[in-house]
Amino acid sequence: MKNKNLIITYLLLIVSSIIIFFPLIYALLASFMPTIDIITGKIIPSSIELKNYSELIKIFPMGKFFMNSLITSLAGMISQVIICSITAYALVFIEFKSKKFILLIVMLSMFIPWESIFVPNYITILKSGLLNTRIAIILPFLANGLGTFLMVQQFKTLNKSLIEAAEIDGCSHIYIYSKIVMPLSKGVLSTWGIYSFLSMWNMYLWPLMVSTRPESRTIQIGLKMLKSEEETNFGRLMAGVILVIIPSLIILFIGQKQLQKGLTSGAIKE
């Protein structure tokens, strides 16, 4: 009976995996197909062709779009992890006036719709002369209230006796933050790093508004431009889709491994 249930479980997992990953697998196969194979509905390409990728890079600046997205996403991820963690450390381990009020402001920022601050952010970027720069894309996302709140909750669960022992030994806040708190919080840091990278990578509307020149646009805008120009060459369009998906998959696989390490290495017994 146990073996039967195990077999059924594995069958369900296999079927659900096929359903979930089929669009991605087909997009990958289609990126190597001639257009005629896609139009005729073939799933397996009659011949493997790399010209969809080579032609895409030659006739369309996808490489530039890709680098813009990669740089802005990595910069946004790093800045959010650092700024949110430093803010959370101060709110948890440092005593100062108005501490509860600042935490309240951080929490309230999570409930402000992005649409309500979209125009003020755009005007700020415009008045600062930062249009068509990578800084314009990154600037509104250097910190995040939700990330700060999550890290505050994580830091509160850390072993307080370890922090107090470090303070008694004369360790500075910089040492405690970098050598004790951060290594013990790899789980939440990895999780938020993945989330912030994917959020930045998949942004469309904000980069579209602050980048009006091709040299400053991101890959999501480039994919939309490619779709408008490549209405008949579906193979080339699928190649562009794969270029957009690959970094997300890589960061997920890398982040998952780091997340598992962080959850196990952060365990401390009283």
Side-chain angles (χ1 to χ4, degrees), residues 19-77 114-115 118 121-122 125-126 130-141 194-255:
I19 294 174
I20 292 171
F21 286 103
F22 177 76
L24 176 61
I25 295 172
Y26 179 74
L28 179 62
L29 293 173
S31 67
F32 296 102
M33 290 184 188
T35 301
I36 188 64
D37 285 0
I38 301 175
I39 294 175
T40 54
K42 289 185 178 180
I43 297 179
I44 305 298
S46 57
S47 60
I48 302 296
E49 298 184 359
L50 297 175
K51 69 175 184 179
N52 288 330
Y53 289 94
S54 60
E55 291 178 357
L56 177 65
I57 295 174
K58 286 180 181 178
I59 68 174
F60 207 75
M62 288 299 285
K64 184 65 175 178
F65 296 154
F66 183 91
M67 288 305 300
N68 287 337
S69 284
L70 186 62
I71 292 172
T72 54
S73 299
L74 287 174
M77 177 187 71
W114 165 247
E115 292 78 10
F118 187 92
N121 280 332
Y122 178 78
I125 295 297
L126 180 64
L130 295 174
L131 283 181
N132 297 306
T133 63
R134 292 168 180 165
I135 297 176
I137 300 174
I138 302 170
L139 196 58
F141 306 97
I194 294 169
Y195 176 82
S196 58
F197 179 90
L198 294 178
S199 298
M200 293 287 293
W201 181 266
N202 292 318
M203 275 196 309
Y204 177 78
L205 184 57
W206 177 252
L208 179 65
M209 292 297 296
V210 297
S211 57
T212 58
R213 300 173 185 171
E215 59 269 17
S216 61
R217 288 186 163 173
T218 59
I219 197 167
Q220 300 294 340
I221 304 173
L223 187 61
K224 178 62 177 178
M225 295 168 61
L226 180 65
K227 182 179 180 298
S228 301
E229 294 188 12
E230 302 290 345
E231 292 292 346
T232 57
N233 197 321
F234 297 107
R236 200 178 296 162
L237 181 59
M238 288 298 102
V241 170
I242 294 300
L243 288 178
V244 172
I245 293 175
I246 285 176
S248 299
L249 295 178
I250 291 174
I251 201 71
L252 280 174
F253 285 124
I254 295 176

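Position 1 is the first residue of the sequence; numbering continues from there. The analysis underlying the following values was restricted to heavy atoms, covering all of them including side chains, and did not include hydrogens, waters or symmetry mates.
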Under a 4.5 Å cut-off applied to non-hydrogen side-chain atoms, are [X] and [Y] in contact?
| X | Y | value |
| --- | --- | --- |
| V244 | F66 | no |
| W114 | N121 | yes |
| I219 | M62 | yes |
| F32 | N52 | no |

Residue pair [X] / [Y]: nearest heavy atoms and the distance that separates them:
| X | Y | value |
| --- | --- | --- |
| I251 | L198 | CG2-CD2, 3.8 Å |
| W206 | A136 | NE1-O, 3.0 Å |
| N68 | T218 | CB-CA, 4.4 Å |
| E215 | K64 | O-CE, 3.2 Å |
| L131 | Y122 | CD2-CE1, 4.0 Å |
| F65 | R217 | CD2-O, 3.3 Å |

Determine whether more than 12 heavy atoms belonging to other residues, nucleotides or ligands lie under 6.0 Å from atom OH of Y53.
yes
From [atom1] ([X]) to [atom2] ([Y]), nearest 0.5 Å:
| X | Y | atom1 | atom2 | result |
| --- | --- | --- | --- | --- |
| I137 | N132 | CD1 | CG | 9.0 Å |
| N202 | S73 | CG | OG | 8.0 Å |
| L29 | M238 | CG | CE | 12.0 Å |
| K42 | M33 | NZ | CE | 8.5 Å |
| R236 | I57 | CZ | CD1 | 12.0 Å |
| F234 | I36 | CZ | CD1 | 11.0 Å |

Plane angle bin for F22 and Y26 - parallel if under 30°, tilted between 30 and 60°, otherwise perpendicular:
parallel
Quick check on side chain to side chain contact (heavy atoms under 4.5 Å, CB included): which of L130, I125, V210 does I135 satisfy it with?
L130
